[in-house]
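For reference, the structure discussed in these notes is given below.
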Amino acid sequence: MSGERQRITSYSRDGLTFDVTDQGPLDGDVVILLHGFPQTSRCWARLAPLLHAAGYRTLAPDQRGYSPRARPRGRLAYRLSALVGDVVALIDTANAGRVHVVGHDWGAAVAWTLAATRPDALATVTALSVAHPAAFLRAMFTSRQFLRSWYMFAFQPPWLPEAVLRRIARRSRPRLLAGLSVAGLEDDAARDVAVLEAGGLTPALHWYRAMPFNPPGRLAPVTVPTLFVNSDADPALGPEAAALTARHVSGPYTAHTLRGVGHWIPQQSADDVAALLIPHLNAHR
């Protein structure tokens, strides 16, 4: 890379502008952190400092629909191909060569797809909670994962899910927050809900509504070094897809299950994730 690195607070693609949290040593290897639903880049506030202490620079974008200036209309605008293109644009903006990518929840789905379609851009990939998309699809129809994923189907109709969620928020905001948080993280959940209430709800739901237009079965095997971390107390994700994921990785692969941890891995178990993630990054710098 030529030229001096500068902080990135935002970047643009196809008329959309994405907000970015850029932290850590400017000369460090770049780790891109991709949040999931219904969160923003703030979900990395516990994990990112541990990466900075290890010498890594983190770029955490508020992804499509979550950045106020990146909310296109219509569910087709939220297909995985568009979400991956947004991350590629951030990689190009960083101009730092191959980067490490870490994703949680929907961010993991984006990370898997990016690794399969643009391995030339990545040094490593790490997925938290969500298994490879093709493994997840198979598990949906061969296990109880279908029942665990009921909300994905509930989110498909237009306007009705928004009306229901807004009604819940008006009548019982504390209960809604409790459903989006784990012990000790209620303040984090309140910030997430505030983003949804400020215009982010429909775009966030469009990630789910675009699912029928994503072709996970066509993804090439992941060849870049891969770390997959899931948890055994996740109410939304069972073990079946996790067990199938290795079939879709042909490069170096490490999988680990956190015991007694729920879905919000980056917040609930930042220290445990860092203990797994930093050696993974160090081995493939």
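Note that the coordinates shown come from a computational prediction; the quantities given were computed from them, not determined experimentally.
Criterion: ILVMFWY side-chain heavy atoms under 4.5 Å apart, direct or through other members. Under it, Leu276 and Leu122 are not part of a common hydrophobic cluster. Cluster membership for Val130 and Tyr66, using ILVMFWY side-chain heavy atoms within less than 4.5 angstrom, is shared. Follow the hydrophobic side-chain contacts under 4.5 Å out from Ile32 and you reach Phe18 in the same cluster. The hydrophobic cluster containing Leu114 also contains Leu16, counting ILVMFWY residues as joined when their side-chain heavy atoms lie under 4.5 angstrom apart, directly or transitively. Taken together through direct or relayed side-chain contacts under 4.5 Å among Ile, Leu, Val, Met, Phe, Trp and Tyr, Val102 and Val273 form part of one hydrophobic cluster.
Between the Asp22 side chain and the Ile8 main chain, a donor and an acceptor come within less than 3.5 Å of each other. Asp234 places a side-chain N or O within 3.5 Å of a backbone atom of Ala236 that can act as its donor or acceptor partner. Checked by atom type and distance alone, the side chain of Arg57 never pairs as donor or acceptor with a backbone atom of Gly24 at under 3.5 Å. Between the side chain of Trp207 and the backbone N or O of Leu83 there is no donor-acceptor pair closer than 3.5 Å. Without hydrogens or angle criteria, Tyr78 side chain to Met211 main chain gives no donor-acceptor distance under 3.5 Å. A donor-acceptor pair is defined here as one N or O able to donate and one able to accept, closer than 3.5 Å; no such pair exists between the side chain of Arg209 and the backbone of Leu76. Of the possible polar contacts, one joining the Ser149 side chain to the Gln145 backbone as a donor-acceptor pair under 3.5 Å is found. Side-chain N or O atoms of Thr226 include none that pairs as donor or acceptor with a backbone N or O of Val222 at under 3.5 Å. At distances below 3.5 Å, at least one donor-acceptor pair connects side-chain atoms of Thr245 with backbone N or O atoms of His132.
For Phe37 and Tyr208, the gap between ring centers is short of 6.0 Å. Under the 6.0 Å cut-off for aromatic ring centres, His104 and His263 qualify, their centroids lying closer than that.
In this structure the side chain of Val99 never reaches within 4.5 angstrom of the side chain of Val31, judged on heavy atoms. Between Val249 and Trp112 there is a side-chain heavy-atom pair separated by less than 4.5 Å. Proximity of Arg285 to Arg98: side-chain heavy atoms (C-beta onward) are nowhere separated by under 4.5 Å. At least one side-chain heavy atom of Leu237 sits under 4.5 Å from a side-chain heavy atom of Ser129. In this structure the side chain of Pro266 never reaches within 4.5 angstrom of the side chain of Arg46, judged on heavy atoms. Taking 4.5 Å as the limit, every side-chain heavy atom of Val30 sits out of range of all side-chain heavy atoms of His100. Annotation: side chain of Arg191 is not in contact with side chain of Gln39 (no heavy-atom distance under 4.5 Å). Side-chain contact between Leu219 and Thr117: present, with at least one pair of heavy atoms (C-beta onward) separated by less than 4.5 Å.
Taken from OG1 in Thr113 to CZ in Arg79, the straight-line distance is 13.5 Å, to the nearest 0.5 Å. How far CG of Leu277 is from CG of Leu128: 7.5 Å, rounded to the nearest 0.5 Å. Residue Trp44 holds its CH2 atom at 9.0 Å from CG of Leu51, rounded to the nearest 0.5 Å. The CZ atom of Arg148 sits 8.0 Å away from atom OG of Ser143, with the distance rounded to the nearest 0.5 Å. For the atom pair Asp62 CG and Arg69 CZ, the distance stands at 10.5 Å (nearest 0.5 Å). In this structure, OG1 in Thr21 is found 8.0 Å from CG in Asp19, a value given to the nearest 0.5 Å.
For Thr223 and Ser250, the side-chain atoms include no donor-acceptor pair closer than 3.5 Å. Residues His35 and Thr40 bring no donor and acceptor atom of their side chains to less than 3.5 Å of each other. With hydrogens and angles left out, the side-chain atoms of Asn282 and Tyr56 include a donor and acceptor closer than 3.5 Å.
Taking every heavy atom of both residues into account, Ala89 and Arg13 meet most closely at CB-CD, 3.8 Å. Residues Pro157 and Ala154 come closest through the heavy atom pair CD-O, 3.3 Å. The shortest heavy-atom contact between Ala204 and Leu196 is CB-CD2, 4.0 Å. For the residue pair Pro279 and Ala274, the shortest heavy atom distance occurs at CD-O, 3.9 Å. When all heavy atoms of Trp106 and Leu80 are compared, the pair lying nearest together is CZ3-CD2, 4.2 Å. Across every non-hydrogen atom of Ala270 and Leu50, the tightest pair is O-CD1, 3.7 Å.
Within 6.0 Å of CZ on Arg144 lie no more than 12 heavy atoms contributed by other residues, nucleotides or ligands.
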Candidate pair Asp272 and Val229, rule side-chain contact (heavy atoms from CB on, under 4.5 Å), full reasoning: CA-CA 10 Å; Asp272 294 329; Val229 182; over 6 Å; no
Residues Leu201, Leu165; criterion side-chain contact (heavy atoms from CB on, under 4.5 Å); working and verdict: CA-CA 9 Å; Leu201 179 56; Leu165 289 172; 3.9 Å; yes
Verdict with supporting geometry, Phe146 and Phe153, ring-ring contact (aromatic ring centres under 6.0 Å, His included): CA-CA 10 Å; Phe146 184 88; Phe153 302 96; 5.0 Å; yes
Residue pair His284, Thr124: steps toward the side-chain hydrogen bond (donor to acceptor under 3.5 Å, both in side chains) verdict: CA-CA 7 Å; His284 305 284; Thr124 70; over 6 Å; no
side-chain contact (heavy atoms from CB on, under 4.5 Å) between Thr17 and Ser10, worked out: CA-CA 7 Å; Thr17 300; Ser10 65; 4.0 Å; yes
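Partner of Thr202 under the side chain to side chain donor-acceptor pair (under 3.5 Å) criterion, out of Arg73, Arg75, Glu162: Glu162 alone. Under the side-chain contact (heavy atoms from CB on, under 4.5 Å) rule, Gln63 has a single partner from Leu90, Val110, Asp86, which is Val110.
Using a 4.0 Å cut-off between a side-chain N of Lys or Arg and a carboxylate O of Asp or Glu, Arg5 and Asp27 do not qualify as a salt bridge.
Legend: residues meeting ring pair (Phe, Tyr, Trp, His ring centres under 6.0 Å) with Phe213, ordered by chain and number and at least two apart, are absent.
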Under 3.5 Å, sequence neighbours excluded: what are the donor-acceptor pairs made by side chains of residues 251-261?
from: Thr257; atom 1: OG1; to: Asn230; atom 2: OD1; distance (Å): 2.7

